[in-house]
Colleague: 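The structure under discussion is supplied below as structure tokens; questions concerning it will follow.
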Amino acid sequence: MAIKVVKFGGSSLADAHQIQKAAAIIKADPQRRYVVPSAPGKRFSKDIKVTDMLYSCYALAEQGIDFSRELADIQARYDEIIAGLGMKEFSLADEFAVIAENFQKRSGKEYAASRGEYLNGKIISAYLGFPFVDAADVIFFRSDGVLDDMKTEIALRERLKTMENAVIPGFYGCGADGYVKCFSRGGSDVTGSIVAGAVKASLYENWTDVSGFLVADPRIVEDPAVIRTITYTELRELSYMGASVLHEAAIFPVRSAGIPINIRNTNAPDEPGTMIVPDSADEEVSAYTITGIAGKKNFTSIHIHKDMMNSQIGFCRDVLGVLADRQIPMEHMPSSIDSMNVIVDSTYLNDIEDELRREIYKAVQPDVLEMEHGIALLAVVGRGMCRTRGVAARIFAALAHARINVSMIDQGSSELNVIVAVKETDFEQAIRCIYNMFVNSVSE
Ligand code: ASP
């Protein structure tokens, strides 16, 4: 039988009612054999995530301040869930006694944060009747803090091979020193992906509180369309350009195994969500032609002109060398015969702009060196672009009609995206007009 690994995010498990929804989803499909829970998230917008409560509580413990009230508040969150689920025989009292003791012993911030998933996993395991597997026994980090993927895969496979079902809490594992270690925030996504890769799942379902990824940011475009299918590469492009989606590291374990990820909504389980699929030439293209639009503000364009620049061997390298020495990453670098532009994130220029100018002058003696601030970059991403005529024409027509000036154009060599630079003040309008051009003119 095919195996599905299902990960539920914090908002999907924030209270008893949400956990009941998640349980119904799990029980509705026997292929959903391995469950990766997050810690309880926010129940309402001003609520505090249990992970954050644990960090604050442990900060008190570390300073030698009494943390009993804060820990009791966390216990109350779980007790409310247990009561709401009607689990009369179940209690986490012993677990909380151990946690209090370990906090006194200063067991570490990461241990503290990991208890959110650990305790939620205990509840969900008992509620579903699925055995509990402590992530610290099956997920391992190397001494440099990076996941030990070989050791982890062997341990997970060995452990799960005889288990019909299991609950494996997300977010943490065991560090090389034997202590609990966490992924970065949002890391339960990564655990789900690792488990899916290890058991060679047919699908990794990632249940959250939205019905998939959206074609554009809903804070900019009203009620944007959902992306039905996106490839891993497109997703990388969109997330790099600011679309906040899955944890970045969650892509790799499933991508290498060719396992698709399905983003689903716990509150609307009938909706198909977004499928993230391996890159393949025959993947159907969206009716909108483009897959998504994302972008970021706060860039600076460094414009450098020098007559006969093109015949000065190593000119670009010398400019980039100055940036590299200053640890400034380069985002884009369009060039022409006698000039080049380097686009960089403006935060790197704070306080060093004058020095940087001097260093570039010294390195390449340009005729002109100008810095233009307040630039926004936006990426129009879509695997269909390379096969469709007129995509660039439509992007620029949309911008021209909206009277938006484009200061830089960069089409990635993969022909998967077109990146344009506009003034920050035009950013939102630019996204809206491109969205309207591609999405509002088509009904899927
Ligand atoms: N609970 C952790 C966090 O809040 C990890 C996760 O939810 O994925 O970041």
Side-chain angles (χ1 to χ4, degrees), residues 5-15 18-19 21-22 25 34-59 70-71 73-75 77-78 81 92 95 99 107-125 132-136 138-139 141 145 147 152 167-175 179-197 204-210 213 235 239 244-254 261-267 276:
V5 170
V6 289
K7 178 257 167 181
F8 286 86
S11 58
S12 298
L13 306 172
D15 59 24
Q18 289 299 91
I19 292 181
K21 288 187 199 170
I25 291 166
Y34 302 119
V35 179
V36 176
S38 280
K42 292 184 182 191
R43 295 160 293 183
F44 41 89
S45 66
K46 294 240 160 70
D47 200 13
I48 303 172
K49 291 180 178 185
V50 164
T51 308
D52 291 311
M53 295 171 83
L54 284 159
Y55 277 125
S56 320
C57 181
Y58 187 72
E70 283 70 15
L71 195 60
D73 288 345
I74 298 169
Q75 189 165 359
R77 284 283 300 263
Y78 286 103
I81 292 177
L92 288 174
E95 297 284 358
I99 292 171
S107 304
K109 199 169 144 182
E110 310 224 5
Y111 163 80
S114 74
R115 296 305 88 185
E117 278 53 23
Y118 172 86
L119 295 167
N120 223 17
K122 286 273 173 184
I123 297 178
I124 291 162
S125 136
F132 177 84
V133 173
D134 191 346
V138 285
I139 306 252
F141 294 90
L147 177 79
T152 298
V167 173
I168 308 124
F171 190 39
Y172 71 95
C174 179
Y179 287 98
V180 166
K181 176 161 175 49
C182 293
F183 293 104
S184 55
R185 294 300 302 264
S188 300
D189 283 344
V190 188
T191 311
S193 182
I194 293 167
V195 175
Y204 169 28
E205 287 182 343
N206 189 301
W207 291 84
T208 174
D209 55 5
V210 288
F213 300 144
L235 182 65
S239 356
S244 102
V245 281
L246 213 58
H247 189 295
E248 221 186 20
I251 292 180
F252 302 106
V254 278
I261 307 177
N262 190 193
I263 307 292
R264 298 285 291 270
N265 188 348
T266 305
N267 304 319
I276 309 166

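When a ligand or atom number is given, it counts from 1 through the structure's own listing order. Predicted model only: the values in this text are computed from it and were never measured.
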Colleague: Do you know which two heavy atoms are closest between Asn120 and Ser38, and how far apart they sit?
Modeller: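 Smallest heavy-atom distance, with atoms named: ND2-O, 2.9 Å.
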Colleague: How are the rings of Phe8 and Trp207 set relative to one another: parallel (under 30°), tilted (30 to 60°) or perpendicular (over 60°)?
Modeller: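 Phe8 and Trp207: parallel rings.
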Colleague: Can you tell me how far apart CD1 (Ile123) and CD1 (Ile81) are? Round to the nearest 0.5 Å.
Modeller: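 Here the rounded value is 5.0 Å.
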Colleague: Is the shortest N/O to N/O distance between Asp189 and ligand 1 below 3.5 Å?
Modeller: no
Colleague: Is it true that Gly186 lies under 4.0 Å from ligand 1, counting heavy atoms only?
Modeller: yes
Colleague: For atom 7 (O) of ligand 1, what is the closest protein heavy atom, and at what distance to 0.1 Å?
Modeller: Ser38 OG, 3.2 Å
Colleague: For residues 179-187, which side-chain N or O atoms pair as donor and acceptor with protein atoms under 3.5 Å away, sequence neighbours left out?
Modeller:
| unit_1 | atom_1 | unit_2 | atom_2 | d |
| --- | --- | --- | --- | --- |
| Ser184 | OG | His247 | NE2 | 2.8 |
| Arg185 | NH1 | Asp52 | OD1 | 2.9 |
| Arg185 | NH2 | Asp52 | OD1 | 3.4 |

Colleague: For atom 4 (O) of ligand 1, find the nearest protein heavy atom and state the residue, atom name and distance (0.1 Å precision).
Modeller: Arg185 NH2, 2.9 Å
Colleague: Give a yes/no verdict on whether any heavy atom in Gly187 is under 4.0 Å from an atom of ligand 1.
Modeller: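 The answer is yes: ligand 1 sits under 4.0 Å from a heavy atom of Gly187.
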Colleague: Could you check atom 6 (C) of ligand 1 against the protein and tell me its nearest heavy-atom contact, residue, atom and distance included?
Modeller: Ser188 OG, 3.4 Å
Colleague: Give a yes-or-no answer on whether the side chains of Asp209 and Asn265 include a donor-acceptor pair shorter than 3.5 Å.
Modeller: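 Checked: Asp209/Asn265 side chains show no N/O donor-acceptor pair below 3.5 Å.
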Colleague: Cation-pi between Arg115 and Tyr58: NZ/CZ under 6.0 Å from ring centre and within 45° of the ring axis?
Modeller: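 Checked: cation-pi criterion not met.
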Colleague: Do any heavy atoms of Glu117 fall under 4.0 Å from ligand 1?
Modeller: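 Glu117: in contact with ligand 1 (<4.0 Å).
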